[in-house]
Structure formats: structure tokens, C-alpha cells
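Heads up: the structure comes next, in C-alpha cells.
Both ligands and their constituent atoms are indexed starting at 1 by order of listing. Here the structure is a predicted model, which is why all the values come from computation and not from measurement.
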Amino acid sequence: MSNLHPSLAITEEVAQALRDGTPVVALESTIISHGMPYPQNVTMATEVEQIIRDGGAVPATIAVLDGRPRIGLGPDDLELLATSPDVAKTSVRDLPYVIAGRGHGATTVAATMRLAALAGISVFVTGGMGGVHRGAPLTFDISADLTEMSLTNVAVVSAGAKSILDIGLTLEALETLSVPVVAYRTSEFPAFFSRSSGHEAPMRADTPDEIAAFMAAKWNLGIAGGIAVVNPIPAQDEIPPNEINDIIDRAIADMQALGIHGKEATPFLLGRIVEITGGASLTANIALVNNNAQLGAQVARAFADLAA
Ligand code: PSU
Ligand code: MN
């Protein structure tokens, strides 16, 4: 383990890549512990690392284990995150609690961004980002992922936001927070399971080089904060919007009937959607993560080339 940052445990492979300017791609762990069932979660986590490697970058899956923020994980760590009931969903505000309590934490998009930035990693791949929940004008449920994107200099590659969120309000919040939203090879903001959301994307890029140039332009000006790169699910893997939206409506109704809210809301909805679709949503989810990993590796390489 190397200590580029004294509070982080960075694997030797990742530390070496960071020193050499080899492209590195961060990956989150809430998607493993609280976003997918076992064993598909650990298969996905392993596969996505391999896709990043095949794309010419070094993967760095991020989590807190035994109170230590870890940048880069091994197979046993992934297995623990995929199976242990003692892994807390950890956003930025939870980091001090989990670290001081020497617990295990699966990091959300927000917490992964923060730890990635501390380690010096600029590109992060996930499935879907958090956002403004439906009903937020009454519940105030707005993901800290949005706050973090306004603060921390990391490009986040996702497949957009699923309609468990209010996509229109999420786009409004991102505008207020001055977070660029760049859609890849589309003019529409993608809706995770579906390529189409009915909402126009604020910006568009058609090559990884354009995205890398965009990152450099923002950060060279000293404009703090991330970039939301939204990459539509491949056409052959998508679930049509009308089909998935009915299912999401049911999942939200079930959540409300059970009184589930706060940090439990997103994990409950993700699990319920997998149940209702009999696993079809999980297949789509894995396909879009893999697709994002391919793009993330390309963006990391393009960004590393700019610095070389
Ligand atoms: N959306 C998904 N899959 C996920 C998540 C969101 O499609 O796994 C996870 C991510 O880790 C994200 C977190 O950062 O949920 C957001 O949780 P909340 O809505 O409680 O902020
Ligand atoms: Mn929330």
C-alpha cells in the first residue's frame, strides 16, 4: 500500500499509475453492496474492472474497509462488499462516522468522487447518478451526489438518471449548481434503462477527446466541480420507457406504503425494480455499466494524453 495521501490506502498498482500518468478510472461500491443482488454484484464489479483494463486504464474501486478509505480493491474485498450485511451505505457526510468507527462503508457517487479526487483520479465510472427524487418539493429528498458534483473535480460517467428521480428537476438542480451535463453521442438526456427521457441534454460530445478537452477547459479556469458525462444504454439492452415507468411507479408506491425514506429510498427502489422485472432490469443495469466502463477508459486515456 502506498500513501500518496496520508489518510488513503492506495494499492501499489494504482499509486504507480498515478505517479506515471497512466490513466486511472475510479469505481464506486454502493452499487455493489446496495445496488444489486449477490452474486451478480460481485460478477459485475469484477467484469467492470476487466473492461477498464482492456480499455488501457487501471481500475480503482473505492470503499472504506475497517475504517480505512481504500483506493483499489482485491477480489476478497469485492466479495466482502458484495455479501456482508455490515457494510454501511456511505455518502460524504457518513465518511467520518464510518472511518472513526472503524467500519466498512460502500461509497456512493458523492463519497467516491471525494475520495477519488483526494487520490488524484479525475475520471469515475458508475451506473446511475443520484438526483432530485420525485416528490422532492415535499420530501426535500435530493441526493448529495448533486452537491458533490458542484464541489469536486471529477468527471462522472453514468447512464443518466432513472425515473425513480424527477429528471426535469435533476437537470434544473444541476444547472443551478453549475454542473455541466454532457451527453455522449446524443442530444437527449438518457434515462438509465432507456436511451430517451424526453429531456434535451444541455451539452453534447461525440468523442472522448472532446470530453477530455472539456474537462481541461473547466479545470484550467479554476472552476471547481465535476462534469456529468451521460452515456445512453446501448439500444439492444434498453427497456422501453413506458414499460419501465409503470414498474417504477409500482416500486415508488410500495416504498411509500412501507414508509421507507432517507438513505434507504434508493436501495429499496433498485431492489424492488429487480424483483418486479424478474431480473430484466438487472441485465440492463449490468449492460449499461459495462458500456460506461468502455467510455470511461477512453476518456481517462484522452485526458492523460492531454497532460503528457
Ligand atoms: N442509482 C443507480 N444505482 C445505484 C445508485 C444510484 O441506478 O447504485 C447509488 C449510487 O451509489 C448513488 C446512490 O450515489 O445510489 C445515491 O443514493 P441517494 O439517492 O440516497 O443519494
Ligand atoms: Mn436521498
Quiz item: Salt bridge or not for Glu148 and Arg93, using N-O below 4.0 Å?
Solution: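 Between Arg93 and Glu148 there is no salt bridge, as every charged N stays at least 4.0 Å from the carboxylate O atoms.
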Quiz item: What is the name of the N/O/S atom in Asp141 that sits closest to the Mn ion (ligand 2)?
Solution: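 In Asp141, the N, O or S atom with the shortest distance to the Mn ion (ligand 2) is OD1.
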Quiz prompt | Cluster check Phe124, Val179: I/L/V/M/F/W/Y, side chain < 4.5 angstrom | solution =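 Hydrophobic grouping puts Phe124 with Val179.
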Report the nearest protein non-hydrogen atom to [atom]: residue, atom name, distance rounded to 0.1 Å.
atom                    : result
atom 9 (C) of ligand 1  : Thr30 CG2, 4.0 Å
atom 11 (O) of ligand 1 : Glu28 OE1, 2.7 Å
atom 21 (O) of ligand 1 : Ser143 OG, 2.7 Å

Quiz item: For ligand 1, is there an atom lying under 4.0 Å from some heavy atom of Lys89?
Solution: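 A heavy atom of Lys89 does come that close to ligand 1.
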Exercise. Tell me, please: is His133 in heavy-atom contact with ligand 1, that is, under 4.0 Å?
Key: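 Per 4.0 Å heavy-atom rule, His133 contacts ligand 1.
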Practice problem: Measure the CD1-CZ distance between Ile273 and Phe268 for me, rounded to the nearest 0.5 Å. | Solution: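 So the CD1 of Ile273 and the CZ of Phe268 are separated by 9.5 Å.
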Residues [X] and [Y]: side-chain donor-acceptor under 3.5 angstrom:
X     : Y      : answer
Tyr38 : Glu79  : yes
Asp54 : Gln50  : yes
Thr90 : Thr107 : no
Gln16 : Arg19  : yes

Quiz prompt | Region of Thr266 that comes within reach of ligand 1 [heavy atoms, distance under 4.0 Å] | solution =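 Near ligand 1, Thr266 shows its side chain, while the N, CA, C and O stay back.
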Quiz item: Backbone N or O of Asp66 within a donor-acceptor pair of the Arg102 side chain at under 3.5 Å?
Solution: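 Absent.
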Exercise. Mark yes or no for whether Ser194, through its side chain, and Ile239, through its backbone, hold a donor-acceptor pair below 3.5 Å.
Key: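 Yes: the side chain of Ser194 pairs with the backbone of Ile239.
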Quiz item: Counting both backbone and side chain atoms, is some N or O of Gly130 under 3.5 Å from an N or O of ligand 1?
Solution: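 In this structure, Gly130 places no N or O atom under 3.5 Å from an N or O of ligand 1.
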Quiz item: Based purely on interatomic distance, does Lys263 place a nitrogen or oxygen under 3.5 Å from a nitrogen or oxygen of ligand 1?
Solution: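 There is no such contact.
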I need the atoms of ligand 1 closer than 4.0 Å to a non-hydrogen atom of [X], numbered in the order shown.
X      : answer
Asp145 : 12 (C), 14 (O), 16 (C)
Gly128 : 1 (N), 2 (C), 6 (C), 7 (O)
Lys162 : 1 (N), 2 (C), 7 (O)

Practice problem: Give the single entry among Leu270, Ile31, Asn285 that approaches atom 4 (C) of ligand 1 most closely by any heavy atom. | Solution: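 Considering heavy atoms of Leu270, Ile31, Asn285, the nearest to atom 4 (C) of ligand 1 sits in Leu270.
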